[in-house]
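All residue numbers refer to positions in the sequence shown, counting from 1.
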Amino acid sequence: MAPTGRAALLAALGSLPVGIWDPGWTSLLAVNAPLAVACACDYALAAPVRTLGLTRSGDTSVRLGDTADVTLTVTNPSRRPLRARVRDAWPPSSWTPGTETEASRHRLTIPAGERRRVTTRLRPTRRGDRQADRVTVRSYGPLGLFTRQGAHKVPWTVRVLPPFTSRKHLPSKLARLRELDGRTSVLTRGEGTEFDSLRAYVPGDDTRSIDWRATARQSEVAVRTWRPERDRHILLVLDTGRTSAGRVGDAPRLDASMDAALLLAALASRAGDRVDLLAYDRRVRALVKGRAAGDVLPSLVNALALLEPELVETDARGLSAAVLHTATRRSLIVLLTTLDATPVEEGLLPVLSRLTQRHTVLLASVADPHIASMARGRGDVDAVYEAAAAAQAQTERDRTAEQLRRHGVTVVDATPEELAPALADAYLALKAAGRL
């Protein structure tokens, strides 16, 4: 015989989750049996959560500052329609601050036996891998009085790549490279050290380029043309020690160094040179070696995405040994590190001769634009003291750069926005002079 009255109420309450079955709810619902029955029925008619099928698809990589769409497909295998709210949880750095709630929560209505898709749009604020956490589903009954709730693990990883903002400079640098290569219509001959061809002399040509033997065999003066060296080896060395963690503006110095390294890698690979990458502080953090020209940039971007500054002092001797082990033949060593006096004088200078004896060394450093603005201040006493401090800091930096130049190192010292094009220009100048 079916239970009635209070027995029916207790039976309905018995089907509720353990968390709801407590003395407070019992006394409350006993007062109103129809409400209790409605709540029990609402809970019973809510679609189950544990049997839901969840899968992911969408973007697996995104540049820092761009958006990535990850689609979540929810399948309802039960015989009841699913009315639910879904929270797709990701690490906090997957969104700009304040947008997580709106971006990660979705409403769903799925008829029995069907599936629906919802898209979570990520806008990461940091480089690296962002891994999805759990998907929490709250299933409502028809009346919305009670819910079922559960969580599912649905793995997915989105790799956040460096933004490579300096790629806007690549067309102009490639145009300059074509001029050096003698492949554009310019009045000056192609510069470099590898012989290219002979052509007729025109006013303005360097008389030292006249080929007298070829001139003697024909009726006009012939000059040699040259092209930049090709198939040279370039090793990009990123210092990931504590000095790379210092922030300039809104980003660490390491990020500006990465951007400059990517522009130089793109330019050098187009110029026919081989590009490798070494990231080091007290051990090798990343190594990209032996990639084909078309694969260099994607490989570098993926390797740099996971790099973070390490709060340790860089081992200059270990870095020098790693460079010599990686670059076994004469190469252009591009060292992206600091120009601060202490790390250079106590760490780099004692081992620099080991590098300059076998390789051409180019050092690039990120300068703080705030120092230049401080040096211009004259409004009050505080501004004058700040200007004096800025002048002293810049003088020490210039002295350190001059020490490096006396050891045969080419130095590039520029702000984050100017470092990448300045480094590319220094590379082109070395290439034109035949110093690679």
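No donor-acceptor distance shorter than 3.5 angstrom exists from the side chain of Arg123 to the backbone of Ala68, with no hydrogens or angles considered. For the pair Ser365 (side chain) and Thr337 (backbone), a donor-acceptor distance under 3.5 Å is present. Side-chain N or O atoms of Asp59 include one that pairs as donor or acceptor with a backbone N or O of Asp69 at under 3.5 Å. Checking side-chain atoms of Asp368 against main-chain N and O of Val248 turns up no donor-acceptor pair under 3.5 Å. Put simply, the side chain of Arg127 never gets that close to the backbone of Leu161: no donor and acceptor are under 3.5 Å apart.
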- Could you go through the side chain to side chain contact (heavy atoms under 4.5 Å, CB included) check for His407 and Leu363 one step at a time? CA-CA 12 Å; His407 284 76; Leu363 186 144; over 6 Å; no

- Task: Run the numbers on Ser94 and Arg130 for side chain to side chain donor-acceptor pair (under 3.5 Å), then give the verdict.
- Result: CA-CA 7 Å; Ser94 301; Arg130 297 293 170 269; 4.7 Å; no

- Message: With side chain to side chain donor-acceptor pair (under 3.5 Å) as the criterion, how do Arg330 and Thr360 come out once you've worked through the C-alpha distance, each side chain's angles and the decisive distance to 0.1 Å?
- Response: CA-CA 8 Å; Arg330 185 168 183 81; Thr360 301; 3.3 Å; yes

- Message: Show, in sequence, the C-alpha distance, side-chain angles and deciding distance for Trp95 and Leu122, and conclude whether the side chain to side chain contact (heavy atoms under 4.5 Å, CB included) test is met.
- Response: CA-CA 6 Å; Trp95 293 279; Leu122 309 178; 3.6 Å; yes

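Within a 6.0 Å sphere centred on CZ of Arg115, other residues, nucleotides and ligands contribute 12 heavy atoms or fewer. Within a 6.0 Å radius of CZ in Arg50, no more than 12 heavy atoms belonging to other residues, nucleotides or ligands are found. In this structure, Asp250 places its CG atom where only 12 or fewer heavy-atom neighbours from other residues, nucleotides or ligands lie under 6.0 Å away. Within 6.0 Å of the CZ atom in Arg282, the count of heavy atoms belonging to other residues, nucleotides or ligands exceeds 12. Under a cut-off of 6.0 angstrom, the local environment of CZ in Arg247 is crowded, with over 12 non-hydrogen atoms contributed by other residues, nucleotides or ligands. The number of heavy-atom neighbours closer than 6.0 Å to CZ of Arg317, taken from other residues, nucleotides and ligands shown, is 12 or below. Heavy atoms from other residues, nucleotides or ligands lying under 6.0 Å from CZ of Arg121 number 12 at most. No more than 12 heavy atoms of other residues, nucleotides or ligands sit less than 6.0 Å from atom CZ of Arg138.
Between Lys153 and Asp133 there is a salt bridge, since a side-chain N of the basic residue sits under 4.0 Å from a carboxylate O of the acidic one. The pair Glu310-Arg283 fails the salt-bridge criterion, with no side-chain N (NZ, NE, NH1 or NH2) lying under 4.0 Å from an Asp/Glu carboxylate O.
From Leu311, atom CG reaches atom CD of Glu308 across 10.5 Å, with rounding to the nearest 0.5 Å. To the nearest 0.5 Å, atoms CD (Glu402) and CZ (Arg405) are separated by 6.0 Å. Of the inter-residue distances, the one linking Arg159 atom CZ with Ser61 atom OG reads 9.0 Å to the nearest 0.5 angstrom. Atom CD1 of Ile234 sits about 10.0 Å away from atom CD1 of Ile333, to the nearest 0.5 Å. One distance of note links CZ of Arg397 with CG of Asp413; it measures 4.0 Å at 0.5 Å rounding. Annotation: the span from Thr415 atom OG1 to Ile371 atom CD1 amounts to 11.5 Å, rounded to 0.5 Å.
No side-chain heavy atom of Arg85 sits less than 4.5 Å from a side-chain heavy atom of Thr136.
The side chain to side chain contact (heavy atoms under 4.5 Å, CB included) check on Ser373 picks up His370, Arg376, with sequence neighbours excluded. Qualifying salt bridge (Lys or Arg N to Asp or Glu O under 4.0 Å) partners for Asp398, counting only residues two or more places apart in sequence or in other chains: none.
Side-chain polar atoms of Asp259 and Thr165 form a donor-acceptor pair below 3.5 angstrom. Between the side chains of His106 and Thr119, no donor N or O sits under 3.5 Å from an acceptor N or O. A side-chain N or O of Asp281 and one of Thr240 form a donor-acceptor pair less than 3.5 Å apart. The closest side-chain donor-acceptor pair between Thr243 and Arg253, if any, does not fall under 3.5 angstrom.
In summary, of the residues considered (Leu362, Val361, Leu404), a side-chain contact (heavy atoms from CB on, under 4.5 Å) with Thr410 occurs for Leu362 alone.
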